[in-house]
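What follows is one structure encoded as structure tokens, with my remarks underneath.
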Amino acid sequence: MTQPRSRRETIRLLFLISPSLFWLVVFFLIPLLLVLAISFGQRGTYGGVVWNLTLENYRRFFDPLYLRIFGRTLVIALVTTVICLIIGYPLAYFIATRPPRWRNGLILLLMIPFWTNFLIRTYAWLLILRDQGVINTLWTGPIHQFLLQLASALPSPFWEPFLQATTSSLPLFGTNGAIIVGLVYGWLPDMVLPCYAAIERLDFSLVEAAQDLYANRLRSFLHVILPLTMSGIVAGSVLVFIPSLGAYVTPDLLGGAKSVMIGNVIYSQFMSARDYPFGSAISFVLMALMLIGTLVYFRTGTKS
Amino acid sequence: MKTVEKNRRRRGRWLSRWLTLHSVGGYLFLYLPIFILVLYSFNASRYASGPWLGFTLRWYSRLFTDQAIGSALRNTLIVGGSSTLISTIFGTMVALAMERYVFRGKLAFDALLYLPIIIPDIAMAVMLLLFFVLSRVQLGLTTIIISHVAFNISFVAVVVRARLAYFDISLEEAAQDLYADEWQTFRRVTLPLIMPGILGGALLAFTLSIDDFVITFFTAGPGSTTLPLRIYSMVKLGVTPEVNALSSMMLVASITLVFLSLLLQRGGGRGAEVM
Amino acid sequence: MKRKVWLSLAVVIALTIVTGLLAGCGGGRGELPRELHVYNWSEYIDPQVYVDFEAEFGIHVVEDTFANNEELLAKLQAGAGGYDVIVPSDYMVTIMIQQGLLAELNHENLPNLVNLDPKFADPPYDPGLKHCVPYLWGTTGIGYNSEVFEEPPDSWAYLFDPELASQYAGRFTMINDVREAVGAALKYLGYSLNTTSEEELMAARDLLIQQKQWVYSYDSEQYEDLLSADETVMAHAWSGDIFMVAAEDERLWYAIPREGATIWADNLCIPTTAPSKEAAELFINYLLRPDVAARNSNYTWYASPNAAAEEFIDAEILEEPAIYPPEDVMERLEWIADVGPAAPLYERIWTEVKASAP
């Protein structure tokens, strides 16, 4: 990479970056600044924006009600990310260690479910989790029957609690758990793909050397493989954490609209309460946090 | 020494068996909802879950005569095609610039380029809505396309840049000794070599565009309902398994596309090998 | 080979765009356009009406749908300017009039207005019908599964009273709308559902927070299907939705709570940004025809404000007291009105309810 060496090169450079520069400045930077500006305004009586500059909206955000919602959103996003990591990293490792012929096919197999529509997939989980859904139909049906058979074959009070449990449906729908399942399902590929890219680039002779050094497989993993694939893990985590943080459709559909996440609050400020300034303030706080987090990542990344 | 080896190998086998089991479980988890969806698209019951009332193709025939879905599909393709085209061109251009040159303000521009990727959908949707409202631009297909390009440029740039990072610049320099013209170098050497990256970026942009819901929802106007928006209202109504039939069709379409691309790739690949 | 792939992909994309654009075009010359854009609630009109309208007048109707009034307003305020006819509810009409979003109707183009029931000729939210024409009206009450209830649950107590509601814990839904949900709580407590008293609103909030542990979900669109699928046994519901599903599932029915409930009317209005006011008025006048109005009533199971339509409306609809209530019930029904500066307070209460632990 060099500085442009001649006038012609400078012109070429400008030519290459100007369309994107224009687009991003006009349709991204300016809207961003607009949101910042509006966040200092006030809601008009019927929902417009009144330009009395105030910090009220930010102060409102630090009200325990919204902080609690934000805290819960953070927790849900974190849990989702961790679960995606636990499920996704080994999956990526598996694919990366198959013969090359198979790898593309396995990756495509991973992606195919995600070429249906995100809403449809969320809806499918609704069908699985609800009281009359697939899981509960099995739970109160065949599983219950099976337990009955066992209980009659080997009578014992041991079966009691299980029999009791299988007479009624599991309350899966409408819980934070349901939301997490929906989010994990939606963003799993975003974890697997970066991890896979990182693991695939590993020089496995290094791994073997490490395994000779550390007789313990676990330690060779922790001290060699993990650090080398860290970039993939971080990228995957970021790609899962961010959308989970801003989710609002999933909590609405799978959480029965009972568990409000910060995305729902923003949505309702714009679509229901028509309090654009307050909604903008919340959006801006969210974006600022993301920005700070990414800057931290870049800093630590360049350090290592 | 031998026992340690054997133990390690035994543990290794156990480990790899567990890995395989975990991965198979993972794939099953991924396909479970899909399976349910497809299964129930043939259910004669009006409800997309619940008892099995018999096999029927009724929902598929209703799907094909549904005008709203037809126009939603058309809108989705228009938006997807346009935004992919524009963002792939712009994104590739900017990727080339970023990987070749250093210039004043590059760090700031780099940050700007990454921002659309790290911003939550809803924040971006809200930003764009406010922008269009305050500049009194009428919402419609155009505003959707503009919004999609705004985030897709960054995604395309990231993919192409990753590809460019592996690009050996000495190839270009060698070519320039052979072909004095820069444009020819670009066309015959650089472009074909980064083409997988460009295609990858285009594919990503297309996928993101046709599946986008949040940003589209906020920036859509009259008559510009796209497929995800239409599906949203269908899902919220929960009316019929037509939704299931639609998802099965989408699945079939994407599997077909995948097979086609694999076939083409194999043909092209062998050609490249010969070269 | 790869170049061919790239080229053919580009051609396909280009063709798609071109076909789409060409198909989308087609504005007509002359007085009336070839297309009419309607922004309506889902499943809120007999689809055949659009077909017949096009057959008679040659104007193709494109319908987009919205899920609640606030969404409609947000879209309109955001400059979504291509709609000819919109269908806001009563209190939203007030807001829109105040914001100058609605065009004034030319009654000379609407000769069929005479068909309206005099009760609706001068509604509180739009005196003299200067801006809109009532389309369908109904109430908000309780949908239920008659196999589960010996007596119809005709009181909000079934949804709010701790002893009663807990019996049906996890088996009923509430409408996911701030004014309706808070309104139900207010009515149960005996207050007006347009109150601006902070004390009364706090009481309603506490009631809703207490109720949350028994609520299956907050749902405005699927509750009737949940009832039919036996996921729930009761639903806070809009009258017509329940009757529509009851036509297929006989176990379901609807009750207006004794303490009082919301009466609402959805109206046909023309935004100031409508592409063609003439076509819009033509369509509205068409919907005012007795037989057309009756068709919509029969399809949606909501009551029609069109008196002349009554001779075409199905007897079961006309005679159902939950659709066309008797006088004494009508007196206890209340219109939702805009609460002006208290609106943020309602919103905040609603957020508190939604954010509280279930």
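Treat the numbers as computed from the prediction; the structure is a model and nothing was measured. Order of the sequence lines sets the chain letters (A, B, ...), proteins ahead of strands, with each chain counted from 1. The basis for the numbers below is simple: all heavy atoms, side chains too, and nothing from hydrogens, waters or symmetry mates.
- For Q167(C), the CD atom is densely surrounded, since the number of other residues' heavy atoms within 6.0 Å is greater than 12.
- The environment of CH2 in W102(A) is sparse: at most 12 heavy-atom neighbours from other residues, nucleotides or ligands sit within 6.0 Å.
- Atom CZ of residue F278(A) and atom CD of residue E347(C) lie 10.5 Å apart, to the nearest 0.5 angstrom.
- Contact check for I69(A) versus T351(C): side-chain heavy atoms found under the 4.5 Å cut-off.
- Judged by distance alone, the side chain of K212(C) and the main-chain N or O of K258(A) form a donor-acceptor pair under 3.5 Å.
- Here the closest heavy-atom approach between residue A355(C) and residue V260(A) is recorded as N-CG2, 4.2 Å.
- The contact between L126(A) and chain C is made entirely by side chain atoms (from C-beta outward), counting heavy-atom distances below 4.5 Å.
- Contact check on R348(C) versus D63(A) returns a salt bridge, with a Lys/Arg side-chain nitrogen under 4.0 Å from an Asp/Glu carboxylate oxygen.
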Query - Full working for side chain to side chain contact (heavy atoms under 4.5 Å, CB included) between D131(A) and T232(C) - result: CA-CA 9 Å; D131(A) 286 354; T232(C) 54; over 6 Å; no
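- Of the inter-residue distances, the one linking S356(C) atom OG with R68(A) atom CZ reads 7.5 Å to the nearest 0.5 angstrom.
- By the ring-ring contact (aromatic ring centres under 6.0 Å, His included) test, W253(C) pairs with F243(C), sequence neighbours left out.
- Within the 4.5 angstrom heavy-atom criterion, no atom of L72(C) approaches chain A.
- With hydrogens and angles disregarded, no donor-acceptor distance shorter than 3.5 Å links the side chain of K354(C) to the backbone of S259(A).
- Contacts of F173(A) with chain C are made by side-chain atoms alone, with heavy-atom separations under 4.5 Å and no backbone atom involved.
- L253(A) contributes atom CG, which lies 7.5 Å from atom CD of Q222(C) (distance to the nearest 0.5 angstrom).
- Interface residue Y216(C): backbone and side-chain heavy atoms are both found under 4.5 Å from chain A.
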